[in-house]
Amino acid sequence: MIVIPILSFFLFEIVLGIFLIRRLDGDSIEIFIKIRFGFLLLIIIITNGLLTFFVSKSIIKPVGKLIEAAEQISKGNLDFHIKAITNDELGQLAETFDRMRDKLKESAELQLKYEENRKDLIANISHDLKTPITSIKGYVEGIRDGVANTPEKMNRYIQTIYSKAIDMDHLIDELFLFSKLDLNRIPFHFETFDFYTYIVDFLDELRFELEGEGIAVTFQADQADSYQVMADREQLKRVVTNLIHNSLKYLDKEEKHIHVHMEAFGDKVITRIEDNGGGISDEALPNIFDRFYRADSSRNTATGGSGLGLAIVKRIVEEHGGEIWAESKLGDGTSIFFTLKKQVSK
């Protein structure tokens, strides 16, 4: 932008010089030319200085900042901000460079989080596998040392070993499933179906199994509503199964009861699975969907829980575009809610 005024000034000086030369004699012309030459030389020097200053400000300085930022990134330092000092293409480049730095920082933080989670996962796997292995070793040593010296003891020892092996097999299966969910390697086969009928059929099968144990299972929903959803039948079966089995672990009343309630609300189908167990404390409630988290480790160990059931449920529900949460009060039981997207008939 500064070039146009400079060119206009030089053009004006040339025209003015020609006009004045035509009115001067020989000696005066020579003196005039020398003065004009000196003046123009001074103008060129000043102009060159101004151009250098503006070029430095608009090009060299921004480029220098970008070079400095690239050096910082190459050293692994992402905790800085690149501020655009111009509104031209270089300014846009600086903003793009800063967005790239932000993405790299997010990626590095995510990678660090994954690494920490991997270490926690290995530690928890080691702990959870060590417990049944230690128990199996103890019972095998008892058999080898002749402690199981009667058929009844021998049968009890063998049955315990078998149960612990089943627990280990179940834990490994859940670890394998959770790892595949975590890496998005489980294919989901979505189809549209009536979730109301699906739950009714599921609970009919479950009720036959639980009534012999004195556990009442009830279901409530407004049949006039539509409960069409787009979901994976097998994965939803795992969701409902894990939630109900989780509730069964903590039923501590004489009259054990599990209630399932379904409601169509807007573009969602909300399902609530409620039990009358011991409940969960306010401190533990926000963490129950974290992997390997146990609200009551002693009771959970006794029931053979892996600490992955609810984490698996959460991942499956989220893969369906739904939400899951829990409400509970100590002594009054727990309610777990999850949502699915409702399919609207066209």
Side-chain angles (χ1 to χ4, degrees), residues 1-2 50-126 174-188 190 230-232 235 239 266-268 282-293 307-308 310-326 336-341:
M1 296 177 65
I2 193 174
L50 289 173
L51 286 173
T52 303
F53 171 77
F54 281 107
V55 168
S56 174
K57 183 178 180 181
S58 61
I59 298 177
I60 298 176
K61 188 174 181 181
V63 170
K65 284 186 173 293
L66 289 176
I67 293 173
E68 182 182 351
E71 290 176 350
Q72 291 293 327
I73 292 175
S74 67
K75 295 176 182 178
N77 178 24
L78 300 171
D79 295 320
F80 64 93
H81 177 65
I82 305 170
K83 185 177 180 181
I85 58 178
T86 61
N87 295 322
D88 55 9
E89 289 79 2
L90 283 173
Q92 294 175 5
L93 178 61
E95 292 176 355
T96 303
F97 207 87
D98 196 54
R99 287 196 296 271
M100 181 190 70
R101 179 198 59 80
D102 275 336
K103 293 294 183 182
L104 287 172
K105 184 178 179 181
E106 290 176 7
S107 177
E109 290 173 348
L110 186 61
Q111 182 64 35
L112 181 61
K113 183 179 179 180
Y114 278 151
E115 182 64 21
E116 292 174 352
N117 287 341
R118 186 184 66 83
K119 292 178 181 178
D120 291 341
L121 182 63
I122 292 173
N124 283 310
I125 291 172
S126 301
E174 290 207 322
L175 283 168
F176 185 59
L177 173 63
F178 184 82
S179 296
K180 291 201 294 184
L181 282 169
D182 208 29
L183 295 173
N184 296 319
R185 290 184 179 174
I186 288 192
F188 283 79
F190 292 97
M230 176 74 75
D232 184 313
Q235 297 304 331
V239 166
D267 62 346
K268 298 178 181 179
D282 293 339
E283 295 77 14
L285 193 61
N287 305 311
I288 63 172
F289 296 105
D290 295 343
R291 60 187 180 186
F292 292 110
Y293 184 82
L308 283 172
L310 293 183
I312 289 172
V313 167
K314 184 174 186 290
R315 295 305 298 266
I316 294 175
V317 170
E318 289 176 344
E319 288 291 334
H320 281 76
E323 300 175 282
I324 187 167
W325 69 95
I336 295 182
F337 303 76
F338 69 91
T339 68
L340 296 172
K341 292 181 179 179

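Just so it is clear, the model here is predicted, and its values are computed rather than measured.
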- Task: Start with the C-alpha gap between Phe188 and Ile316, add the side-chain angles, then the distance that decides, and say whether side chain to side chain contact (heavy atoms under 4.5 Å, CB included) holds.
- Result: CA-CA 9 Å; Phe188 283 79; Ile316 294 175; 4.2 Å; yes

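- Here the rule is side-chain contact (heavy atoms from CB on, under 4.5 Å) with Arg99, and of Lys103, Arg101, Glu95 only Glu95 fits it.
- Between the Asn287 side chain and the Asp290 main chain, no donor and acceptor come within less than 3.5 Å of each other.
- When every heavy atom of Ala326 is checked against every heavy atom of Ile336, the shortest pair comes out as CB-CG1, 4.0 Å.
- With rounding to the nearest 0.5 Å, the separation of CD1 in Ile312 from CZ in Phe289 is 13.0 Å.
- Between His320 and Phe190, the gap from one ring centroid to the other is short of 6.0 Å.
- Looking only at distances, a side-chain donor or acceptor of Thr339 sits under 3.5 Å from a matching main-chain atom of Glu323.
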